[in-house]
Every structure is written in C-alpha cells, then in structure tokens.
Amino acid sequence: ISGKGINSDKIFGDIVNSGEIIGTTSGISSERIFGKIVNSGTIRGGDYGVLVVETLSPVRYGPIDGQLINRGTIIGGIDGIRTDNSDFYYGGYQGGFTNTGTIVGMTGSGAVTHDITQGGFFTNSGSISGGKNGVDIGNITDGGGLTNSGTIIGETGFGITVLDIDNNFLNTNTGVISGSTLGATIGNVNGSFLNEGKILAGTDALTIGNITGK
C-alpha cells in the first residue's frame with residue numbers, strides 16, 4: 001500500500017500488516033482507531049510511521065482503543081509512532097504498547113504518547129530510537145507499567161521520559177536506555193522502579209521524582 005498510505009478519520013476495525021505500508025506523510029494516519037494495530041511487516045511515512053491525533057476540536061480523539069503490537073519495522077521521518085491528544089480526554093493506547101521489532105523516528109522521537117490506560121502497559125524488547133528522543137510517555141494508569149529489556153536510544157535528546165505511572169507494579173529496565181542529554185526521567189510513580197540493565201547519558205543518567213515504592 002503506497003501513495004497516501006492508510007488515511008482515515010476513524011478506523012473501526014483492526015489493521016494487520018505483514019507487507020508494506022508506505023505513505024508520503026504518514027504510513028497510517030487516523031483520528032481514532034477503535035481496534036488494534038498489529039505489524040509484522042514495514043510501515044513507513046515521510047513524517048510519521050503511525051499518527052493518531054486529535055484534529056477536530058471539541059471532538060476529543062487521539063487514541064488507539066486496542067493495542068499496538070509491532071514485530072516488524074516502523075519508520076517516520078519525524079516520529080516513528082505518535083499518539084497525541086491536547087486535552088487528555090482519551091488515552092493514547094487503551095490496551096497497551098508492545099514492541100519486539102524496530103521503531104525509528106529519524107529527526108524526532110521513536111515513540112510519543114500522552115496516555116496508556118485501562119490496564120495499559122509499555123513493553124519493549126526490541127529497538128526504539130529517535131534522532132532527538134527515544135520514548136516520551138505522559139501517563140500510564142490503571143494497573144499498567146513500564147518494562148524494557150531491549151534498546152531505547154535518543155541520539156541528541158533524552159532516552160526515555162515517563163511522567164505519572166499510577167499502579168503498584170514493578171517497573172523494570174533490564175536492557176539499555178541511552179540519551180545524549182538525559183538517560184531516563186521517571187516521575188510520580190505509584191510503585192517501584194528496578195534497573196538491572198544500563199542507563200547512559202552525556203549529562204544526567206537518571207532523574208527520579210516522587211516514587212511511593214522503592
């Protein structure tokens with residue numbers, strides 16, 4: 001699938017790709033995806049690999065109601081994956097984010113989301129990289145958590161920032177998180193954070209604020 005890629009106001013089912021989706025601006029672009037995205041092929045966009053954002057205010061869109069599961073390759077000229085909502089009305093992922101493949105944002109971030117809710121989780125055992133930042137997460141709630149056993153790299157910015165994790169799970173890093181300025185920023189965690197891997201940075205490797213666990 002090429003040209004505009006997949007572009008729709010709302011997608012009510014699932015997107016399952018084992019081939020190639022290549023778009024001039026975005027590989028996949030929608031205001032809301034009610035199902036899930038499962039990729040074991042290639043998704044590529046001139047600006048974004050996958051873009052799910054609110055565009056029509058006061059309509060509050062911007063989520064993937066199911067999961068995003070990537071086993072293949074997702075590449076964006078700016079961000080690899082971006083789910084965004086300026087008013088935080090709907091979450092970025094209602095079901096969670098799982099990456100065992102490769103996600104690249106060439107000049108921006110590998111993955112950006114401002115909400116993962118309803119038992120949501122962020123799990124990476126593959127590779128996520130950005131020309132600026134690796135992973136930018138605004139909120140993980142309702143029993144979710146963060147697990148990294150792969151590689152997350154921000155080439156000129158931070159490796160990963162996670163603000164507001166509302167759960168009692170152990171958030172773990174056993175892989176590599178690397179940033180040019182900041183390695184990892186973890187803030188407002190209702191749980192614990194365990195690092196058995198590597199967190200690297202040119203300035204501050206790890207900044208932590210307000211953890212109720214250990």
Side-chain angles (χ1 to χ4, degrees), residues 1-55 61-85 90-116 120-138 146-155 157 159-160 175:
I1 300 175
S2 60
K4 292 185 70 173
I6 295 177
N7 188 311
S8 176
D9 290 343
K10 295 186 243 343
I11 297 172
F12 286 90
D14 299 338
I15 298 176
V16 181
N17 176 55
S18 58
E20 290 185 340
I21 302 174
I22 301 174
T24 52
T25 303
S26 299
I28 298 173
S29 176
S30 181
E31 289 186 1
R32 186 171 185 181
I33 298 175
F34 288 84
K36 59 181 178 287
I37 296 177
V38 181
N39 176 55
S40 57
T42 298
I43 301 173
R44 181 192 297 267
D47 293 333
Y48 304 96
V50 175
L51 178 67
V52 185
V53 298
E54 166 200 359
T55 60
Y61 290 148
I64 298 174
D65 285 58
Q67 300 179 26
L68 186 142
I69 301 171
N70 179 54
R71 305 182 184 106
T73 300
I74 299 176
I75 300 175
I78 300 174
D79 298 329
I81 298 173
R82 187 177 189 92
T83 62
D84 202 355
N85 184 292
Y90 284 119
Y93 303 94
Q94 301 297 314
F97 175 107
T98 303
N99 176 56
T100 59
T102 300
I103 300 172
V104 178
M106 297 183 70
T107 62
S109 297
V112 180
T113 182
H114 288 159
D115 249 337
I116 301 178
F121 49 85
F122 183 97
T123 304
N124 175 56
S125 58
S127 173
I128 303 176
S129 64
K132 186 175 182 181
N133 304 317
V135 172
D136 183 357
I137 301 175
L146 163 71
T147 302
N148 176 57
S149 59
T151 301
I152 298 174
I153 297 175
E155 294 182 3
I160 184 170

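All residue numbers refer to positions in the sequence shown, counting from 1.
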Query - Donor-acceptor contact below 3.5 Å, side chain Asn99 vs main chain Gly101 - result: yes
**Report entry** Test item: side-chain donor near acceptor, Ser125 and Thr100, under 3.5 Å
**Finding:** no
Query raised in the report: Within the distance-only criterion (no hydrogens, no angle test), does the side chain of Ser30 pair as donor or acceptor with the backbone N or O of Arg32 below 3.5 angstrom?
Result: yes
Query raised in the report: Can you tell me how far CZ of Arg82 sits from CG of Asp47, rounded to the nearest 0.5 angstrom?
Result: 11.5 Å
Query raised in the report: Should Thr73 and Thr42 be marked as a side-chain hydrogen bond (donor to acceptor under 3.5 Å, both in side chains) after you check the CA-CA gap, both sets of side-chain angles, and the distance that decides it?
Result: CA-CA 5 Å; Thr73 300; Thr42 298; 4.8 Å; no
Query - Least distance between heavy atoms, Val135 atom then Phe122 atom - result: CG1-CZ, 3.7 Å
Query raised in the report: Are the side chain of Thr25 and the backbone of Tyr48 linked by a donor-acceptor contact shorter than 3.5 Å?
Result: no
Report task. Under the side chain to side chain contact (heavy atoms under 4.5 Å, CB included) rule, what do Ile43 and Ile75 come out as? Steps first, then yes or no, please. Result -> CA-CA 6 Å; Ile43 301 173; Ile75 300 175; over 6 Å; no
**Report entry** With sequence neighbours excluded, residues passing side-chain contact (heavy atoms from CB on, under 4.5 Å) with Ile69
**Finding:** Val38, Gln67, Arg71
Report summary line: Rounded to the nearest 0.5 angstrom, the NZ-CD1 distance for Lys132 and Ile78 is 11.5 Å
Query raised in the report: Can you list every salt bridge (charged side-chain N to carboxylate O under 4.0 Å, His left out) pair that touches residues 14-27, not counting sequence neighbours?
Result: Asp14-Lys36
Query raised in the report: Are any of the side-chain heavy atoms of Ile103 and Asn70 separated by less than 4.5 Å?
Result: yes
Report task. Sequence neighbours left out, what passes side-chain contact (heavy atoms from CB on, under 4.5 Å) with Asn133? Give chain and number order. Result -> Ser109, Phe158
Requested in this report: Looking only at non-hydrogen atoms, find the nearest pair between Phe121 and Thr98 and report the distance.
Outcome: CE1-OG1, 3.1 Å
Query raised in the report: Can you tell which of Ile160, Asn148, Thr147 makes a side-chain contact (heavy atoms from CB on, under 4.5 Å) with Asn124?
Result: Asn148
Query raised in the report: Heavy atoms, side chains only, cut-off 4.5 Å: are Ile74 and Asn39 in contact?
Result: yes
Query raised in the report: To the nearest 0.5 Å, what is the distance between CD1 (Ile81) and CD1 (Ile128)?
Result: 7.5 Å
Query raised in the report: Are side-chain heavy atoms of Ile28 and Ile15 found at a separation under 4.5 Å?
Result: yes
Query raised in the report: What distance do Asp79 atom CG and Thr113 atom OG1 have between them, rounded to the nearest 0.5 Å?
Result: 11.5 Å
Query - Separation between CG of Asn17 and CD1 of Ile1, rounded to the nearest 0.5 Å - result: 7.0 Å
Report summary line: When rounded to the nearest 0.5 Å, the distance separating CE of Met106 from CZ of Arg44 is 7.5 Å
